[in-house]
Amino acid sequence: MPLLRNARLVLPTGVVDGGWLTTEGTGITGIGGPAVPGQVGPGQVVPGQVVPGQVVPGQAGSGPAAGEPAPADPAECFDLGGHYLVPGFVDMHVHGGGGAAFSSGQAGQARVAAAFHLSHGTTTIMASTVTGELADLERYVAELGELVEDGLLAGVHLEGPFISAARCGAHDPNLLRAPDPAAIKRLLKAGRGAVRMLTLAPELEHGIAATGLLADNGVIAAIGHTDATYAQANLAIARGARVATHIFNAMRPLHHREPGPVTAALEQEDVIVELVNDGIHVHPAVAGLVFATAGAHRTALITDAMSAAGSVDGLYPLGPLTVQVSDGVARVAGTDIIAGSTLTMDSALRNAVHSVGIPIEEAVVSASLTPARALGLADRIGTLETGKQADLCVLDEDLRVVAVMRRGRWVHGMGATAFSPLLAY
């Protein structure tokens, strides 16, 4: 039974210094520390001793903490040296990375992209496509659906073609179409349950009916790339829309006489808002406004990354379009239109803490628990709790990834240079 000790456990209620966590198989079997007496069971996070923003003094660098079990095999005991231990990140909107694209619809590229983001702490990932011909999208969701069945992907997110030409961003305007129910049914059928989210502009013909169709079929209806009015956005929310795709970006801007979809999404308690927190898509002050208005439990950090994430500047495909990446910023070639990002989830978390000023426990909620809740997976992932999946990320003081565990198995950073087995027991 592996034991991770001398960790700074990041829980939704605060940070516990000198904590420990045990795993068995694919799950978390125990968690404890100075402010976590005994095991913390499902549905519990930590007793009331921990308050937001507080770091509870522990026994970092010393012997076993209170209640810490002795491992049966010393080789399975790892001293984390006071590093942060957080739940694995959940990216619900990402187009690629590591030079590969989910939007290609090819399983091989999807595996490369997922592996790249896994090395940055993303243990749960949903593949996003871009606007294309309907027949091509059917083929894409069918092939990516096999990876959903294998457990590599948490689902497929269709971003386009049912979006507004006025707010299409890095989507080919020639391939856009109204969200007619027959077309949506074709895509859902091709995906065999793999399509978990679809972004649409609710003001388009059939938009409200399509929103209801998605909600009735257990698919997340996301409002995005939209020129909807405040009233139209609220109508979509009333019909079942539950996510706002990359809030502020590619949507009618907030205006004091026409609040638009931004206001509708921020004020509705049932809506989770995606935030591309790279400092480019949204100014840090505006990101802070999103957190202040919606809170961490309704703000989901996403990357919206494309294939260039983790690669050098240059030209890259994004669906049928060509993207120019310069200084890490992706734009449609020959324009100033932002085309996704080169962001990773660990960087999004660092930006939230260092640039926006969000407490680490709240930033981790937005990087893990909130997107897990959006995907209906919060009973299995998103927090450090006994009974949940052992998806873990170890971060150093600067919130950079040191090691990653997925389903109870170290998949990144585990080795002599990362940790030394604790042989003192």
Side-chain angles (χ1 to χ4, degrees), residues 90-93 124 126-129 131 134 137-138 141 144-145 148 153-164 167 176-247 250-252 260-275 294 297-300 302 369-380 382:
V90 180
D91 194 350
M92 60 186 286
H93 187 156
T124 300
M126 183 159 71
S128 297
T129 63
T131 293
L134 201 63
L137 293 175
E138 286 180 292
V141 297
L144 293 174
V148 176
L153 303 177
V156 177
H157 163 219
L158 290 166
E159 188 178 21
F162 311 116
I163 58 177
S164 169
R167 306 287 177 185
L176 303 181
R177 57 186 297 160
D180 61 280
I184 290 176
K185 288 177 181 178
R186 281 179 56 183
L187 292 171
L188 298 187
K189 181 179 179 181
R192 305 183 309 279
V195 177
R196 298 289 297 273
M197 185 165 79
L198 187 149
T199 292
L200 55 76
E203 74 277 10
L204 299 179
E205 184 181 9
H206 309 300
I208 300 303
T211 300
L213 172 66
L214 293 168
D216 293 344
N217 281 274
V219 178
I220 302 165
I223 300 172
H225 288 274
T226 176
D227 202 37
T229 63
Y230 176 72
Q232 289 168 327
N234 272 318
L235 187 58
I237 293 168
R239 192 58 188 89
R242 290 296 176 263
V243 167
T245 298
H246 42 53
I247 192 77
M251 58 177 58
R252 180 192 287 259
V262 172
T263 303
L266 288 175
E267 70 181 6
Q268 291 286 346
E269 288 296 323
D270 291 337
V271 176
I272 287 172
V273 297
E274 296 181 345
L275 180 66
H297 285 272
R298 288 182 50 226
T299 303
I302 62 167
L369 179 57
T370 299
R373 189 165 61 85
L375 298 179
L377 301 175
D379 60 330
R380 287 183 277 161

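Starting from 1, each residue takes its place in the sequence as its number.
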Shortest non-hydrogen contact from Gly224 toward Ile163: O-CG2, 4.1 Å
Rounded to the nearest 0.5 Å, how far apart are CE of Met126 and CG of Leu375? 5.0 Å
Point-to-point distance, once rounded to the nearest 0.5 Å, from CZ of Arg186 to CG of Leu137: 10.0 Å
Taken to the nearest 0.5 Å, the spacing of Ile220 CD1 from Thr211 OG1 works out to 13.0 Å
Side chains of Val243 and Ile223: closer than 4.5 Å at any heavy-atom pair? no
Answer yes or no: is there a donor N or O on one side and an acceptor on the other, between the side chain of Glu203 and the main chain of Asp227, under 3.5 Å? yes
Tightest non-hydrogen contact, residues Ala154 and Leu377, listed as CB-CD1, 4.4 Å
Taking the side chain from Glu274 and the backbone from His246, do they hold a donor-acceptor pair closer than 3.5 Å? yes
Ignoring hydrogens and geometry, is there a side-chain-to-backbone donor-acceptor pair from Arg177 to Pro161 under 3.5 Å? no
When rounded to the nearest 0.5 angstrom, what distance separates CG in Leu158 from CE in Met197? 9.5 Å
Tyr230 and side chain to side chain contact (heavy atoms under 4.5 Å, CB included): which single residue from Leu235, Thr263, Val262 fits? Thr263
Considering non-hydrogen atoms only, spot the tightest contact between Gly155 and Arg196 and give its length. CA-CG, 3.5 Å
Note, Gln232 side chain near Ile208 side chain (heavy atom, < 4.5 Å): no
How close do Ile184 and Phe162 get, heavy atom to heavy atom, and via which atoms? CG1-CE1, 3.8 Å
Rounded to the nearest 0.5 Å, what separates atom CD in Gln268 from atom CG in Asn234? 5.0 Å
Side-chain donor or acceptor of Arg239 paired with backbone N/O of Ala210 under 3.5 Å: no
Using a 3.5 Å distance criterion without hydrogens, assess whether the side chain of Arg380 forms a donor-acceptor pair with backbone atoms of Ala372. no
Heavy-atom closest pair (Thr226 atom, Pro202 atom, distance to 0.1 Å) is OG1-CD, 3.6 Å
Please tell me if the side chains of Lys185 and Leu213 come closer than 4.5 Å, counting only heavy atoms from C-beta onward. yes
Distance, nearest 0.5 Å, that separates CG of Asn217 from CG of Leu198: 11.5 Å
Which heavy-atom pair separates Leu144 from Ala127 by the least distance, and what is that distance? CD1-CB, 4.4 Å
Indicate yes or no for a side-chain donor-acceptor contact from Arg242 to the backbone of Ile237 under 3.5 Å, with no hydrogens or angles considered. yes
Could you check whether any side-chain heavy atom of Met92 comes within less than 4.5 Å of a side-chain heavy atom of His157, counting everything from C-beta outward? no
For the pair Arg298 (side chain) and Asp270 (backbone), establish whether a donor and an acceptor sit closer than 3.5 Å, ignoring hydrogens and angles. no
